Number of protein chains: 2
Amino acid sequence: MAEKKKGGAARAEELAELCRLDNQLCFAVYSASNLITRLYRPLLEPLGITYPQYLVLLVLWEHSTRTVGELGEALGLDSGTLTPLLKRLEANGIVARKRAPEDERRVLVELTPAGQKLRTRAASVPIEMICKLRLPPEQAVELRDALKRLTRDLRALPEGNEG
Amino acid sequence: MAEKKKGGAARAEELAELCRLDNQLCFAVYSASNLITRLYRPLLEPLGITYPQYLVLLVLWEHSTRTVGELGEALGLDSGTLTPLLKRLEANGIVARKRAPEDERRVLVELTPAGQKLRTRAASVPIEMICKLRLPPEQAVELRDALKRLTRDLRALPEGNEG
DNA sequence: CGCCATTATATGGGGTGCAATGGAATCGCG
DNA sequence: CGCGATTCCATTGCACCCCATATAATGGCG
């Protein structure tokens, strides 16, 4: 099958292999992400939140007050995604939003008492998720770090250019 | 840092570490997926398609005719996602949809000539993407396979239960 | 002090992603 | 053959996700 000299047919074969979904890293990331979000749903639905909302809360449970921009930086999301999401959290009494007094452009997002309480109720979520994934810890760490490196490197060079 | 006997404080510390975004595999997958979709945009926009639409076309370029169910199986998407997506592809003249004569429940999705032509114009996309990712090939393969194993194992046991 | 560039969110629109539901076609058992 | 169960897709409703653009506040320069 494999030929030393790559004629047109061999090159076409190579291209076809690159195009197969099963061979694509990007599709593997895409479908894993969709699947993971589905796995979170039954864990988070009893708490009345979605996975992206849960991610926002993970940040706030650590810092209690963040601006929209800081949340966006931490999560890799823009204001077009975060603003309506935060409004829903606010409508559900989980966070409060107010303009920063010293800079009226910024919006401070902070936990309400209900949002603080959610932290306790959500304490088991990470462990339950780890159980669901059923990955040996060192494999999970390796996979996580590989993805983090990839994301970090890609964020460094957002525009296409030669190296 | 690490203590043999885990008191309440140590356990709380442990939980806090589990909750940090930087430590979470799931968030690493989530943000990598969002970022990858953003990276595809400038490559696919000139072709007039989105990344999920491109994934559908990758399947059709290999098989030329698939049912909605087969596409959903291959991509891990359901009819609620695929039906409107396929309608948009149809509206753009890239695919045609028709009921299968032998089983009127099924909808056959097939490429139009324009959809076939897109294959040539999109031929450089996988290579451009590989360049963007800047991962050593063996690392990309390793990462891809780890994600594929994860996805495969998770699809096997969709409902939560003890092992 | 006034004006312009910059910064921080908000808004609008298009395109997913998925659960829940509905409806038509087919299957299969009696 | 008849009829309920099943299969397949479409529809609905809600929640992202992001780009482009708008708007308001701030900062800086003359």
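Quantities reported herein were computed from a predicted structural model and do not represent experimental measurements. Below, chains carry the letters A, B, ... as their sequence lines are ordered, and counting in each starts from 1.
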Novice: Give the rounded distance in Å between these two atoms: CG of B/Asn34 and C1' of D/dC19.
Specialist: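 So the two atoms are 14 Å apart, to the nearest Å.
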
Novice: With 3.5 Å as the limit, what N/O pairs link the protein to nucleotides 1-3 of chain D?
Specialist:
none

Novice: Looking at B/Arg66 and B/Leu60, would you say the former's side chain and the latter's main chain have a donor-acceptor pair under 3.5 Å?
Specialist: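 Pair absent, no side-chain N/O of B/Arg66 close to backbone of B/Leu60.
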
Novice: Counting only heavy atoms not in A/Glu73, do more than 12 fall under 6.0 Å of its CD?
Specialist: no

Novice: Taking A/Asp78 for its side chain and A/Gly80 for its backbone only, find out whether a donor-acceptor pair lies under 3.5 Å.
Specialist: yes

Novice: If only side-chain N and O atoms of B/Arg41 are considered, is one of them under 4.0 Å from the OP1 or OP2 phosphate oxygen of C/dT16?
Specialist: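 No, outside the criterion.
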
Novice: Between the protein and nucleotides 12-16 of chain D, are there any N/O to N/O pairs under 3.5 Å, and if so, what are the atom names and distances?
Specialist:
from, atom 1, to, atom 2, distance (Å)
D/dC16, OP1, A/Thr50, OG1, 2.6
D/dC16, OP2, A/Gln53, NE2, 2.7
D/dC16, OP2, A/Arg88, NE, 2.7
D/dC16, OP2, A/Arg88, NH2, 3.1
D/dC16, O5', A/Arg88, NH2, 2.9

Novice: Taking the side chain as every heavy atom from C-beta outward, state whether B/Ile127 and A/Leu15 have any atom pair closer than 4.5 Å.
Specialist: yes

Novice: Would you mind classifying the nucleic acid contact of A/Thr67 as base, sugar-phosphate or nothing, using non-hydrogen atoms under 4.0 angstrom?
Specialist: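 Sugar-phosphate: the residue A/Thr67, judged by heavy atoms under 4.0 Å, touches backbone atoms but no base.
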
Novice: Between B/Thr112 and B/Ile94, is there a donor-acceptor pair closer than 3.5 Å when you use the side chain of the first and the backbone of the second?
Specialist: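 Here the side-chain-to-backbone pair exists.
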
Novice: Report each atom pair, protein N/O against N/O of nucleotides 22-27 of chain D, whose distance is under 3.5 angstrom.
Specialist:
from, atom 1, to, atom 2, distance (Å)
D/dT26, OP1, A/Glu104, N, 3.3

Novice: Using atom types as modelled, flag every donor-acceptor pair under 3.5 Å from a side chain in residues 135-142 of chain B to any protein atom, sequence neighbours excluded.
Specialist:
none

Novice: Quick check: is A/Leu154 connected to A/Leu75 through a chain of hydrophobic side chains (ILVMFWY, heavy atoms under 4.5 Å apart)?
Specialist: yes

Novice: Between A/Gln24 (side chain) and A/Leu18 (backbone), is there a donor-acceptor pair under 3.5 Å?
Specialist: yes

Novice: Looking at B/Ala100, is its backbone amide N or carbonyl O close enough to the side chain of B/Arg106 to form a donor-acceptor pair, meaning the two atoms are under 3.5 Å apart?
Specialist: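 No: the side chain of B/Arg106 does not pair with the backbone of B/Ala100.
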
Novice: Hey, can you pull the residues of residues 68-79 of chain B with a non-hydrogen atom under 4.0 angstrom from DNA chain D?
Specialist: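 Output list: B/Val68, B/Gly69, B/Ser79.
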
Novice: Which is more 5' along DNA chain D, the nucleotide nearest B/Val107 or the one nearest B/Thr37? Just name the residue.
Specialist: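 Upstream on the strand: B/Val107.
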
Novice: As a check on the pairing definition, encode DNA chain D in dot-bracket form, counting Watson-Crick and G-U wobble pairs whose two distances are under 3.5 Å, and using | for partners outside this strand.
Specialist: ||||||||||||||||||||||||||||||

Novice: Locate the shortest heavy-atom distance separating B/Leu111 from B/Trp61; write the atom from each residue and the value.
Specialist: CD1-CD1, 3.5 Å

Novice: If hydrophobic clusters are built from ILVMFWY residues whose side chains come within less than 4.5 Å, do B/Leu58 and B/Ile130 share one?
Specialist: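 Each belongs to a different hydrophobic cluster.
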
Novice: State whether the side chain of B/Arg41 and the backbone N or O of B/Thr50 hold a donor-acceptor pair below 3.5 Å, judged by distance alone.
Specialist: no

Novice: Report yes or no: does B/Arg121 contribute a side-chain atom to a donor-acceptor pair with the main-chain N or O of B/Pro46 at less than 3.5 Å?
Specialist: yes

Novice: How close do B/Arg144 and A/Asp22 get, heavy atom to heavy atom, and via which atoms?
Specialist: CD-O, 3.8 Å

Novice: Check the distance between C/dT16's P and B/Ile49's CD1 and give it to me in whole angstrom.
Specialist: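 To the nearest whole Å, that distance equals 10 Å.
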
Novice: B/Arg99 has an atom CZ; how far is it from atom C1' of C/dT26, in whole Å?
Specialist: 13 Å

Novice: Just verifying a value: how many Å separate A/Ser124 OG and A/Met129 CE, rounded to the nearest 0.5 Å?
Specialist: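 Result: 12.5 Å between the selected atoms.
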
Novice: Can you figure out which of D/dA10, D/dC8, C/dG17 approaches the side chain of B/Arg106 most closely?
Specialist: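 Of D/dA10, D/dC8, C/dG17, D/dC8 is nearest to the side chain of B/Arg106.
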
Novice: Using whole Å, what does the distance between atom C1' of nucleotide C/dT16 and atom OH of B/Tyr54 come to?
Specialist: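 Answer to the nearest Å: 18 Å.
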
Novice: Calculate the interatomic distance between A/Leu82 atom CG and C/dT9 atom C1'; express it in whole Å.
Specialist: 10 Å

Novice: Given A/Leu71, which of A/Val107, A/Leu85, A/Leu86 fulfils the side-chain contact (heavy atoms from CB on, under 4.5 Å) condition?
Specialist: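 Result: among A/Val107, A/Leu85, A/Leu86, A/Leu86 is the only option passing the side-chain contact (heavy atoms from CB on, under 4.5 Å) with A/Leu71.
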
Novice: For A/Lys87 and for A/Arg38, locate the closest nucleotide of DNA chain C by heavy-atom distance; then report the residue assigned to the nucleotide nearer the 5' terminus.
Specialist: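 Looking at the nearest nucleotide for each, A/Lys87 comes out on the 5' side.
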
